[in-house]
Asks: 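Take a look at the following structure, please.
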Amino acid sequence: MTTAIKITSLGTSGAGKTCFMLGMYSAMQLGVRGFTFSTPDLDLDLRLTSEWRNLVDTQGDDRWPPPNDKAQTLMFDFNFGFKRIMGFEWYDYRGAALNETTKDEQLGGLLRHLEQSEAVILCLDGNQFAVPLDDSGRTVVGARTGVLRMNQLLQKVRTAGKNPSVIVTITKFDVCSARPAEEIVREIKELLNPLFIQGGKWLVALCPITLGRALSNDRLRGAIDPKNVHLPVTFAIHSVLSNILDEKSKRRESADASARSLRDGFLASWWNRAKIEKFQREAEELRRQIGDIGSNLHLLGTELVQSAYIYYDGVEQ
Amino acid sequence: MKLLMLGHSGVGKTTYMASMYGTMQFPLNGFTLRAIDASAHVRLITICRGILAGTYPEITDQRSEYQFVLVYEGEDFFPFSWIDYRGGALTESSGTLEGASLVKDLQSADGIIMFCDATALAQRSSVSKQLGRMATLLTKSFQDLTFPKPLTVVFTKCDLIQQVDPALVQPVQALLDAARANQHVYGRYVFTACGPEMIGVEVPVLHSLYVGTMSLVQVLTALVEQSRAQEERHRTAGATVGGLVGDLIGVFVGLPTHAELANAHSNRAAAQLQAIQPLIAPALDLAVFLESYTAF
């Protein structure tokens, strides 16, 4: 299992994409249930670790990284027991690019990455959900969080024949933690309605995340203590592994069926013994891989069900 | 066997190494330690004496490699090298000489001894600062493992904190879980103190060498089994009509018979078995000593 997948995060400027990525990496350096993140490039790890340290140690405006002015692709490894299960490519870009025209270079790059992505992470600023939304509030928040644009881009991806899983992260959830989570989930489902309609076949997870509960009172000096930042990518990997599992199961069934059909008939087992052995070996190897993936999926799933809201084809799972 | 110490600046790696060396000049379950180079012996003993008197060594300013031998019952038993890095090397880019050398050592090391400052861990705020980079470096070292590799997590300066209990391990628990999930990583952690009273300093080196010894026993046992399987194969083949005919033809063209080949494999198995014998007693003694320290 050495596949590398592409993940794109969509969010307006200030939604917290970069801070979320730094927090996610920091939390997953140590890991959860034996799963860890690392970077193949040790110098990238050094940079991300140092930026995260700055966020943790610094108090005042300097603690938050300045908005991105250029796009960059970051490569990560997702490991279990320090062994690489899968790589993922993360596209980080200037949030304002979301509202540019398709002729602009950054949005062009973003679209190219998006159309090749196996998972899309939508970053919605929790500040926009601090109070209940009425009809006019919904329109304003829809524009501010960029969900209208996100809906368009996802439609474009679907038209291009791709079917990525979508993870809606409510960043800075500390500022709206006083509200019932179910209420916020309902509002987000209304804003991103196309993702939740039956027949749409979208696989969607909603993950509230925060870099620290104390930040709601004091974002310049509050303690950094991230919660749930690992869930979005964990969900993305889970959905990709599920697809791989399905595909391998089909291949195993086909190998088993081929071996069975070669055994039919007088002397067939003897005449086709080399081919039968080849199919049996293939089926056995696939059975082993399926076992490995299955146990990883089980562990990842256990982690996800505790804190994420998961929907498929509009129905909560 | 090559052991690498991994830890940030000021965590106490050099202090630990000198303390471990000084302590292991006195037999422990029959084991002592010897430095190959006399000047290294003098240096480490001098530092250890200072530590016993309450004077701690200066921070290491460059990578050093020491050659040691673990001695069992007065006989050299297991040679190994020990690499001490300047803590700052952990946060250097791979473009620097020491940064590049660390990456190379991480990949070629047969065992890792990871140091965590217990006083810093007790104040939870600095956990990510201490551990994040080390976790990535560990991944680099363990990612493509195909053979057993020991990992010892050493909590230093335990004499400076009020209470040493399993809660101290909690900040690194996720990392221990990742190590546990890898069938090739053999982990153990230990609380240590280096000062007038030395605590737990022998454990990291003895754990690493125990895994090294057991790994060697495993390889030799596999070779014995292989040789015995070959012996059996030749004996069976030699007892068939085809085998007998083959032997007769072979004699004329100067090829060994099945019986001769079986005997050669039998002798090889006996020699391999003999190589295992001297490892058994020390391995058992090491196992008994390590029993009371938590493995993961």
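We name chains A, B, ... by the order of the sequence lines, and we start the count at 1 in each one. Here the structure is a predicted model, which is why all the values come from computation and not from measurement.
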Asks: Are any of the side-chain heavy atoms of Lys83(A) and His184(B) separated by less than 4.5 Å?
Replies: yes
Asks: Among all residues two or more places apart in sequence or in another chain, which pass the side chain to side chain contact (heavy atoms under 4.5 Å, CB included) test with Arg47(A)?
Replies: Leu44(A), Glu51(A), Gln72(A), Leu74(A)
Asks: Using non-hydrogen atoms and a 4.5 Å limit, figure out which bit of Leu176(B) sits close to chain A: side chain, backbone, both or neither.
Replies: neither
Asks: Check whether any side-chain heavy atom of Leu42(A) lies under 4.5 Å from a side-chain heavy atom of Thr136(B), and answer yes or no.
Replies: yes
Asks: Under 4.5 Å, counting heavy-atom pairs only, tell me which of Ala223(A), Ser50(A), Ser38(A) racks up the most with chain B.
Replies: Ser38(A)
Asks: Check Ala174(B) against Gly31(A) and note the closest heavy-atom contact, atom names and distance.
Replies: CB-O, 3.1 Å
Asks: Are the side chains of Gln29(A) and Thr139(B) in touch, meaning some heavy atoms are under 4.5 Å apart?
Replies: no
Asks: Side chain, backbone, both or neither: which part of Asp77(A) has an atom under 4.5 Å from a heavy atom of chain B?
Replies: side chain
Asks: Would you call Arg133(B) and Asp45(A) a salt bridge, using N to O less than 4.0 angstrom?
Replies: yes
Asks: Donor-acceptor pair, distance only, cut-off 3.5 Å: does the side chain of Asn182(B) make one with the backbone of Gly81(A)?
Replies: yes
Asks: Residue by residue, which of residues 101-115 of chain B have a heavy atom closer than 4.5 Å to a heavy atom belonging to chain A?
Replies: Val103(B)
Asks: For each of Ala135(B), Gly99(B), Ser93(B), tally heavy-atom pairs with chain A at distances under 4.5 Å, and name the one with the top tally.
Replies: Ser93(B)
Asks: Give a yes or no on this: more than 12 heavy atoms of other residues, nucleotides or ligands lie within 6.0 Å of atom CG of Leu97(B).
Replies: no
Asks: With rounding to the nearest 0.5 angstrom, report the CG to CG distance, Leu90(B) to Leu46(A).
Replies: 9.5 Å
Asks: For the candidates Thr91(B), Leu138(B), Val185(B), Leu145(B), which exhibits the highest count of non-hydrogen atom pairs separated by less than 4.5 Å from chain A?
Replies: Thr91(B)
Asks: If I compare all heavy atoms of Phe80(A) with all of Ala181(B), which pair ends up nearest, and what's the gap?
Replies: CZ-CB, 3.6 Å
Asks: Heavy-atom distances under 4.5 Å only: say whether Gln173(B) touches chain A with side chain, backbone, both or neither.
Replies: neither
Asks: Please indicate whether Arg213(A) has more than 12 foreign heavy atoms, meaning atoms of other residues, nucleotides or ligands, lying under 6.0 Å from its CZ.
Replies: no
Asks: Go through the atoms of Phe35(A) and report whether side chain, backbone, both or neither lie under 4.5 Å from a heavy atom of chain B.
Replies: neither
Asks: Top residue by heavy-atom pair count (under 4.5 Å) with chain B, among Leu48(A), Asn79(A), Ile224(A), Thr36(A)?
Replies: Asn79(A)
